[in-house]
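Structure record follows, encoded as structure tokens.
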2 protein chains.
Amino acid sequence: MTINSKHCRSNCPINFVLETFGDKWTLLIVRDLMFKGKSSYTEFLQSDERISTNILADRLKKLEDNGIVKKDVALDNRSKLIYALTDRGKELLPIMLEITAWSAKHDTATNAPASFLSEFTSSKHEMITNILENLR
Amino acid sequence: MTINSKHCRSNCPINFVLETFGDKWTLLIVRDLMFKGKSSYTEFLQSDERISTNILADRLKKLEDNGIVKKDVALDNRSKLIYALTDRGKELLPIMLEITAWSAKHDTATNAPASFLSEFTSSKHEMITNILENLR
DNA sequence: CTGTATCCTTAGGGATACTG
DNA sequence: CAGTATCCCTAAGGATACAG
């Protein structure tokens, strides 16, 4: 499957991710799934950045269309829907960690744990496999 | 220096980069500086994605304000201006490479060299120091 | 709980002309 | 060469009400 097969400004790989993630909201949903243990619509709504309901619905749909997120009925509660990252979505992890590292280094106000930077620098690979194991 | 000290939706590191790069154009300028050897206003204008002149001026200004890009007079031609990445800008390289790798894996139309993925996977660190050396 | 629908406002962006 | 200045238009986004 090719993402955004319809309209692409160029065939550049950087531009490719911009077509999907080049807005202020999409990546926050990925973050919530990847690091915050969130999986439901209402949980996404409650993030600090206060996404509005119509934007959230739109971005979730696009993420599904692009094969980054999948939606399933909860096993324990049939009226509840569960969002999760697909394998393709999980593979965004190295990007997300590099972003976190860059921010942690350059933004004094960032809330990344102080230990993160040194841990990431010294054992990047172990950290990635570790997190991936805990992502179901 | 703290980027975006004025208005921040949250103190999350992911959100932090979104405040600067969460649009369709900013990262393309970084790409042009980092990988395409571009350094002048007119060179940026000529990219495949066809940025318009007012948007380019706006994004260059913001990148300067955020300490990611610096502007200098050319040594050989005093009426020519040269843009370059600051150290902070160069430190975006790991993010850019991870983005390229993800795209190369998931977009069949991407124009990243076929060799890139295997080279990046096997010798990430060497690749990064190599590129950094050639970035002046 | 998970969205739609609607309304309204603003920001982003294209095109083009012009300038020191 | 490196931008400003305009004009205009659309997409993005906030608020809120409503619905299966």
Side-chain angles (χ1 to χ4, degrees), chain A residues 4 6-10 15 17-30 32-33 36-66 69-84, chain B residues 4 6-10 15 17-30 32-33 36-66 69-84:
Chain A
N4 287 326
K6 323 91 189 287
H7 125 285
C8 260
R9 298 182 295 181
S10 74
N15 179 65
V17 318
L18 287 179
E19 306 264 4
T20 309
F21 300 103
D23 75 290
K24 301 263 184 239
W25 296 108
T26 306
L27 215 57
L28 296 180
I29 300 174
V30 174
D32 285 352
L33 286 161
K36 307 258 185 183
K38 299 188 179 181
S39 59
S40 71
Y41 195 87
T42 18
E43 284 173 326
F44 299 136
L45 273 183
Q46 285 156 7
S47 291
D48 289 348
E49 296 85 6
R50 319 259 50 212
I51 193 171
S52 63
T53 156
N54 49 347
I55 305 294
L56 176 58
D58 176 75
R59 298 307 136 88
L60 281 172
K61 186 163 181 352
K62 285 178 177 162
L63 282 170
E64 263 197 274
D65 291 347
N66 288 334
V69 155
K70 63 186 176 224
K71 176 161 64 170
D72 285 302
V73 177
L75 291 175
D76 52 342
N77 177 347
R78 287 176 37 199
S79 73
K80 178 166 191 180
L81 295 175
I82 296 282
Y83 290 92
Chain B
N4 287 326
K6 327 72 189 297
H7 124 286
C8 259
R9 299 182 295 181
S10 75
N15 179 66
V17 318
L18 287 179
E19 306 264 3
T20 309
F21 300 103
D23 76 291
K24 301 262 184 240
W25 296 108
T26 305
L27 215 56
L28 296 180
I29 300 175
V30 174
D32 284 352
L33 286 162
K36 307 259 186 182
K38 299 189 178 179
S39 60
S40 71
Y41 196 86
T42 19
E43 284 174 326
F44 298 137
L45 274 183
Q46 285 155 7
S47 292
D48 288 349
E49 296 85 6
R50 318 258 50 212
I51 192 170
S52 63
T53 156
N54 49 346
I55 305 294
L56 176 58
D58 176 74
R59 296 308 136 86
L60 280 173
K61 187 166 182 349
K62 284 178 179 163
L63 283 169
E64 262 197 275
D65 291 347
N66 288 334
V69 156
K70 61 185 178 227
K71 175 161 65 171
D72 286 303
V73 177
L75 291 175
D76 53 342
N77 178 348
R78 287 174 39 197
S79 73
K80 178 165 192 182
L81 295 175
I82 296 282
Y83 290 91

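By convention in this document, chain letters (A, B, ...) are assigned in the order of the sequence lines, proteins followed by strands, and residues within each chain are numbered from 1. If you're wondering where the values come from, they're calculated on a predicted model, not measured in any experiment.
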Practice task
Shoot me the first and last contacting nucleotide of DNA chain C against chain A, ordered 5' to 3', at under 4.0 angstrom to non-hydrogen atoms.
Solution key: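 First-to-last contact on DNA chain C, by the 4.0 Å heavy-atom rule, is C:dC1 to C:dT6.
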Problem - B:K24/A:D23 ion pair, N-O < 4.0 Å - result: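 Salt bridge: no.
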Problem - Nucleotide-resolved protein contact map, nucleotides 4-20 of chain D, B/S/- at heavy-atom distance under 4.0 Å - result: B-B------BBBB----
Handout entry: Donor-acceptor side-chain pairing of A:K36 and A:S47 below 3.5 angstrom
Key =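 No, no side-chain donor-acceptor contact under 3.5 Å.
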Problem - A:R9 NZ/CZ over B:W25 ring centroid, <6.0 Å and within 45° of normal - result: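 Yes, A:R9 sits over the ring of B:W25.
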Practice task
For the pair A:Y41 (side chain) and A:Y83 (backbone), establish whether a donor and an acceptor sit closer than 3.5 Å, ignoring hydrogens and angles.
Solution key: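 Checking the backbone N and O of A:Y83 against the side chain of A:Y41, no donor-acceptor pair under 3.5 Å is found.
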Handout entry: Donor-acceptor contact present, side-chain A:E43 to main-chain A:S40, <3.5 Å
Key =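 It does hold such a pair.
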Problem - Close side-chain approach of A:K38 to A:L33, heavy-atom, < 4.5 Å - result: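 With C-beta onward as the side chain, the pair stays apart.
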Exercise for the section: Evaluate the side-chain proximity of A:F44 to A:L28: yes if any heavy-atom separation is below 4.5 Å, no if none is. Expected result: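 A:L28 does not reach A:F44 side chain to side chain.
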Handout entry: Between P of D:dG3 and CG of B:L60, the distance in whole Å
Key =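 Distance check: B:L60 CG to D:dG3 P gives 7 Å.
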Handout entry: Rounded distance (Å) that lies between atom P of D:dG3 and atom CG of B:L56
Key =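 One finds 8 Å between P of D:dG3 and CG of B:L56, rounded.
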Using residues 69-77 of chain A as the side-chain source, report each donor-acceptor pair under 3.5 Å to any protein atom, sequence neighbours left out, with the distance given to one decimal.
| from | atom 1 | to | atom 2 | distance (Å) |
| --- | --- | --- | --- | --- |
| A:N77 | OD1 | A:S79 | N | 3.0 |
| A:N77 | OD1 | A:S79 | OG | 3.0 |

Practice task
For B:F44, answer base if it contacts any base atom (sugar-phosphate contacts may also be present), sugar-phosphate if it contacts only those atoms, and nothing otherwise; contact means non-hydrogen atoms under 4.0 Å.
Solution key: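 Since no nucleic acid heavy atom lies under 4.0 Å of B:F44, the category is nothing.
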